[in-house]
2 protein chains.
Amino acid sequence: MPNTYEYPRPALTVDIVVFALDAEDLQVMLIQRDLEPYKGHWALPGGFVRIEETLEGAARRELQEETGVRDIFLEQLYTFGSLNRDPRERVVTVAYYALVNLEGHDVRASTDARNAAWFPVNDRPKLAFDHTTILDAAYERLRGKVRYQPIGFELLPEKFTLRQLQHLYEVILDRELDKRNFRKKVLGMGIVKETNEIEKDVAHRAARLYRFHKRSYDRLFKRGFNFEI
Amino acid sequence: MPNTYEYPRPALTVDIVVFALDAEDLQVMLIQRDLEPYKGHWALPGGFVRIEETLEGAARRELQEETGVRDIFLEQLYTFGSLNRDPRERVVTVAYYALVNLEGHDVRASTDARNAAWFPVNDRPKLAFDHTTILDAAYERLRGKVRYQPIGFELLPEKFTLRQLQHLYEVILDRELDKRNFRKKVLGMGIVKETNEIEKDVAHRAARLYRFHKRSYDRLFKRGFNFEI
DNA sequence: CCAAAAGTGTTAAAACTACACCCATGA
DNA sequence: TCATGGGTGTAGTTTTAACACTTTTGG
């Protein structure tokens with residue numbers, strides 16, 4: 001008999017918290033459920049782990065199927081296994097968080113016959129299952145990690161202004177930063193390289209565009225350098 | 001038919017990396033396997049998650065069954081799910097790491113008819129499965145986390161000397177620290193309280209004993225205080 | 001010519017680093 | 001009385017934090 005085991009096994013799923021940044025806020029992508037339980041509620045994208053795919057593989061597949069997003073920064077967050085997470089049966093979920101830049105990826109607001117949409121992290125609907133707990137954990141991880149690892153760049157287009165970068169940190173850390181000190185610090189680290197382009201279509205002096213220089217960062221990191229905003 | 005599912009499911013296990021500190025080194029607890037595969041090899045304590053217990057519950061149960069250790073600091077590390085971790089079938093494991101103080105807990109070197117023993121983290125045998133990867137990840141997590149969260153105290157007895165605390169950081173961070181600067185910093189944070197006891201049975205001037213003051217730490221932490229060694 | 005954001009240095013305060021000697025205790 | 005670690009302060013350097021004006025550009 002296939003799929004029969006000596007002892008009962010929990011179902012295993014992945015759920016993904018996808019963050020993006022618009023001009024105002026940090027956003028999270030949610031999907032409206034079309035099945036019970038929690039039909040009609042908003043939830044994190046996710047689904048079952050297949051027997052022949054890795055956890056990260058499952059996360060990437062679900063993300064593409066449900067939101068059209070691919071080739072993005074994805075990192076494991078935490079595994080949630082409390083007993084009554086899902087009213088149907090025991091389900092253990094491995095949660096991931098992802099960072100995308102809204103310009104570079106064609107994140108459709110609706111795919112796969114489901115309703116997908118961005119919500120501000122701080123102004124979101126009630127979520128299905130324990131997804132509020134998962135989202136809170138992801139947000140906290142992001143806030144913590146962004147300070148000492150240069151993952152924030154994943155939320156920006158390849159070329160960005162220092163103002164955009166500062167805005168990113170201000171939104172995530174939820175406090176204002178001093179412009180001069182911020183520039184001094186970021187430029188002093190030598191991990192962004194200026195391009196010879198400037199931003200376009202702005203109604204004021206155009207700012208220089210910079211690019212994250214992973215090569216420099218990796219070199220510094222190996223020497224014990226501590227990226228810290 | 002019980003334990004039969006529509007789709008195949010991976011087995012779900014927990015594995016625990018238990019760290020302790022002796023006078024010299026950081027140690028890790030390993031168990032010698034008495035069954036195939038990897039019979040006779042050393043491995044991390046761990047085992048299957050039962051359908052009616054949480055992940056952390058499974059970790060604590062296995063830890064007690066296999067090593068006799070209980071009531072200790074335990075934190076989820078990472079979930080490992082690559083396809084061929086286990087030669088028998090697909091097994092996903094949720095790894096935890098634990099910190100114990102050798103004085104306070106009666107960690108028997110052998111229980112449950114198995115052979116359990118401490119090994120220096122930097123001088124350990126080859127491990128079964130992907131347990132070397134798991135141990136390395138735990139060690140890295142410990143090194144990272146100990147610097148900005150006061151989890152190191154879990155490796156010490158309730159009352160400890162500042163020298164012991166400094167030694168702990170030197171071993172984990174693998175570098176020497178300046179005695180005066182270290183004391184200045186730790187005492188300046190106000191998160192250890194001196195007791196009016198001194199150490200005993202030492203062949204030199206006895207040092208004052210201190211105690212970690214969680215209350216003060218929690219208060220500072222809420223105000224955004226950043227514990228940093 | 002106005003509105004809006006770009007870009008740019010200095011100074012005071014705080015934190016960090018390096019460093020050496022006397023003291024108390026038990027063997 | 002000797003060996004061992006306990007305990008203590010200062011000075012130079014580096015890092016951080018606070019702060020305001022001129023320039024460029026498009027509307």
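Residue numbering restarts at 1 for every chain, and letters A, B, ... go by the order of the sequence lines. Remember, it's a predicted structure, so these values are computed and weren't measured experimentally.
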Just so I know, are the side chains of B:Q166 and B:R163 near enough to count as touching, which here means a heavy-atom distance under 4.5 Å?
no
A:I134 side chain near A:R85 side chain, heavy-atom distance below 4.5 Å
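Contact flag for A:I134/A:R85 side chains = yes.
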Selected nucleotide, minimal atom distance to B:R183 side chain, candidates C:dA5, D:dG7, C:dA18
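The answer is D:dG7.
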Roughly how many Å is it from [atom1] in [X] to [atom2] in [N], rounded to a whole number?
X      : N      : atom1 : atom2 : result
A:E194 : C:dA6  : CD    : C1'   : 14 Å
B:E228 : D:dT15 : CD    : C1'   : 14 Å
B:E199 : D:dT4  : CD    : C1'   : 11 Å

Using a heavy-atom cut-off of under 4.0 Å over every strand shown, decide if B:K179 touches base, sugar-phosphate, or nothing.
base
What is the nucleic acid contact for A:R163, judged by heavy atoms within less than 4.0 Å: base, sugar-phosphate only, or nothing?
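Sugar-phosphate contact only.
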Where each residue is assigned the nucleotide of DNA chain D containing its nearest heavy atom, which of B:R180 and B:T161 is assigned the position nearer the 5′ end?
B:T161
Could you measure the distance from the CG atom of A:L26 to the CZ atom of A:F119? Nearest 0.5 Å is fine.
14.5 Å
Examine C:dA6: is either OP1 or OP2 under 4.0 Å from a nitrogen or oxygen in the side chain of A:R208? Give yes or no.
no
Is the distance from OP1 or OP2 of D:dG9 to the nearest side-chain N or O of B:K184 less than 4.0 Å?
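Looking at the OP1 and OP2 atoms of D:dG9, neither is under 4.0 Å from any side-chain N or O of B:K184.
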